There are 2 protein chains.
Amino acid sequence: MATIKDVAARAGVALGTASRVLSGSSQTSADSRARVLAAVAELGYIANGPARSLRRARTDVLGLLVSDIRNPFFSELAHAAEQEARRHGYTVLLANANEDAEQADEYLRTFAAQRIDGLLFSPQSTVSPQVAATLASGLPVVFLNRTIEGVGAPLYGTDNAQGVQQVLAWLQRRGHRDVAFIGGPDSISTGAERRAAYLAGRQAHGISTDDRLLDAGDFLAGGAAEAMSRILDRGVTFTAVFGANGLTTLGAVRALRDRLGAEQAARIEVVSFDDLDWFEFASPPISAVRNDASSIGRLGVRGLVDLIAGRAALGQRVPTTFADRSAQDVR
Amino acid sequence: MATIKDVAARAGVALGTASRVLSGSSQTSADSRARVLAAVAELGYIANGPARSLRRARTDVLGLLVSDIRNPFFSELAHAAEQEARRHGYTVLLANANEDAEQADEYLRTFAAQRIDGLLFSPQSTVSPQVAATLASGLPVVFLNRTIEGVGAPLYGTDNAQGVQQVLAWLQRRGHRDVAFIGGPDSISTGAERRAAYLAGRQAHGISTDDRLLDAGDFLAGGAAEAMSRILDRGVTFTAVFGANGLTTLGAVRALRDRLGAEQAARIEVVSFDDLDWFEFASPPISAVRNDASSIGRLGVRGLVDLIAGRAALGQRVPTTFADRSAQDVR
DNA sequence: CCTCCTTACGGAAACGTTTCCATGGCTGGA
DNA sequence: TCCAGCCATGGAAACGTTTCCGTAAGGAGG
């Protein structure tokens with residue numbers, strides 16, 4: 001592979017001059033510039049990233065650590081983050097924690113070894129020593145959608161309160177009073193926030209909530225199905241189900257079908273925090289809060305870039321919209 | 001940030017000895033080993049990856065270039081690839097081509113600059129100069145699911161012929177003779193293979209195919225909906241639709257609904273290459289070929305690791321399974 | 001007891017950049 | 001015409017590793 005030394009030799013200039021043409025682009029004559037660029041083209045020279053990173057003490061790489069890239073929310077977010085990062089001259093190194101604190105730790109170590117310039121982080125519930133070390137190391141960090149209490153990094157995430165308000169308003173319009181709520185882990189900030197907003201909102205509307213209609217899963221389909229099942233076991237009646245994230249809703253719908261049969265299950269209206277593209281095809285269609293994963297990814301990268309540049313980043317709550325699919329078959 | 005020099009000083013050994021303990025771990029006494037490891041722990045030393053990469057002329061990074069990470073097939077594949085790579089001591093750098101040849105080129109350049117050790121590649125249709133240069137550079141490459149004609153890199157991908165056979169068998173069981181086929185771009189190898197297998201299979205079954213029932217989109221929902229629309233415009237009757245990939249099926253279903261209304265659309269059975277997790281909830285449920293993205297990702301990484309180690313890699317066709325969801329409501 | 005071999009270690013070179021410093025030539029003003 | 005100043009350039013140091021080479025110490029064998 002050609003090095004800058006080869007380029008310089010071919011262009012008939014000193015190594016330093018070649019470097020100035022390629023990076024600094026200052027202090028160079030038009031003549032040497034032309035000759036260096038010609039040499040680059042002839043040799044197909046591509047600068048050695050590691051060498052450059054070593055010398056400049058920066059890598060132009062951002063780390064993105066999410067819990068599961070297979071979750072459509074995160075894959076959309078990752079896509080948007082990557083596009084935005086590219087526009088700022090950064091490459092994104094993606095890591096999957098697999099909802100597993102140990103893997104998250106391992107990746108944080110890998111990121112540290114790679115000397116990433118900044119971290120986009122959607123944390124687990126627990127604060128491990130490695131997480132603490134990362135946050136203490138002075139590395140620029142922004143949180144995406146989930147945060148850790150008491151850490152001074154900005155959060156870019158869904159406006160959970162607004163989304164839950166939209167659900168509550170919809171429930172009221174549709175005349176649902178007895179609603180089963182399947183939440184997520186309280187240890188994840190979004191789980192706690194959505195549950196709190198739901199209960200507070202009901203109270204504000206002056207509706208009491210039967211505790212037997214509340215349960216929580218793990219934000220995955222399996223745990224949500226079990227939670228739904230437990231509610232059914234309690235023998236309380238309800239006319240609607242509210243799933244606190246996309247996979248939770250999927251699990252709930254599955255459990256309803258399995259337990260009640262398709263016909264009975266179709267009598268229960270379902271509403272979801274997170275919109276999945278098949279909700280329009282469910283019967284009846286599932287209404288949902290759409291949270292804007294793309295904007296979150298984009299804004300998160302912008303915030304991180306600001307942080308790296310030494311500017312302040314304040315974090316932002318991204319507004320939600322509501323996809324009301326119930327109008328098509330008013331009861 | 002602590003360097004290996006600091007570690008050596010604190011351990012009271014020479015820099016070279018510290019390095020030997022940390023990497024080679026050969027030719028070191030138990031005493032200095034213990035002291036170096038203690039110093040590492042005390043200082044929280046994490047080796048500088050770029051410096052190491054520069055010296056060793058390898059990065060332990062694999063590049064993964066897919067067309068769109070939001071496609072569930074690729075996000076599952078990426079997840080599996082990442083897990084497998086980690087087990088072999090590699091990190092994965094993920095790039096999204098966005099089904100755009102120019103972006104793919106740009107990422108290939110970035111990969112080259114990063115000096116990745118190997119490339120997992122799900123190529124676009126066109127062979128750009130940059131792609132050619134990459135393939136010619138001697139970088140170990142494996143193709144994932146899509147290939148480029150005449151390139152000597154192994155392919156790890158779905159067994160398209162088998163999957164299509166499963167669809168044809170199902171169509172026959174269900175008694176469908178007039179089937180609309182929505183394919184993908186012929187320029188993408190999977191598009192061409194699935195179409196060819198479908199037509200050949202029908203012929204083998206002795207069923208003629210009305211050309212007006214064949215059309216193709218772009219493997220995205222939008223293009224597929226347009227293709228479906230064109231078929232409807234031709235006024236030919238059909239009792240089933242076969243979508244050549246997941247998003248194609250989504251687009252087709254959408255177009256059927258929009259054009260015919262939900263009720264009429266439900267009379268047409270849909271079958272898909274690629275299974276999406278909502279197909280079970282569609283009405284009627286959509287049967288589908290499941291292709292094993294995880295295995296493809298895993299096997300691809302293993303093949304690439306073999307290639308990097310100088311061993312041969314042969315490529316592999318991963319078998320499909322078929323999710324028959326029609327039994328639930330036999331007509 | 002001496003010599004030879006092994007083994008651990010210290011020192012230094014090398015990887016490919018960027019950037020600092022010094023030098024030489026040229027321009028412009030007095 | 002001379003001098004001050006600027007600009008482009010060459011040369012070299014530095015980034016943090018790994019690895020090569022030489023050497024000293026220690027053990028074994030004669």
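Sequence lines set the chain letters: A, B, ... in the order given, protein chains first and strands last, and positions in each chain run from 1. None of the values given here were measured: they were computed from a predicted structure. The basis for the numbers below is simple: all heavy atoms, side chains too, and nothing from hydrogens, waters or symmetry mates.
Judged by distance alone, with hydrogens and angles left aside, the side-chain atoms of A:D306 form no donor-acceptor pair with the main-chain N or O of A:A313 at under 3.5 Å. Put simply, the side chain of B:N145 gets close to the backbone of B:T158: a donor and an acceptor are under 3.5 Å apart. Between the A:S294 side chain and the A:A80 main chain, no donor and acceptor come within less than 3.5 Å of each other. B:S122 places a side-chain N or O within 3.5 Å of a backbone atom of B:L144 that can act as its donor or acceptor partner.
The distance from atom CG of A:D31 to atom C1' of D:dT9 is 12 Å, rounded to the nearest whole Å. Counting to the nearest Å, the P atom of D:dA8 and the CZ atom of A:R35 are 16 Å from each other.
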**Prompt:** Can you give one letter per nucleotide of nucleotides 14-20 of chain C, going 5' to 3': B for a protein heavy atom under 4.0 Å from the base, S for sugar-phosphate only, - for none?
**Reply:** BBBBBBB
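Minimum interatomic distance between A:L247 and A:F219 (heavy atoms only, all atoms of both residues): CB-O, 3.6 Å.
If you check every strand for non-hydrogen atoms under 4.0 Å, A:S53 touches nothing.
When the side-chain nitrogen and oxygen atoms of A:T28 are compared with OP1 and OP2 of D:dT9, none of them lie within a distance under 4.0 Å.
No option in B:L139, B:D105, B:L65 other than B:L139 meets the side chain to side chain contact (heavy atoms under 4.5 Å, CB included) test with B:T134.
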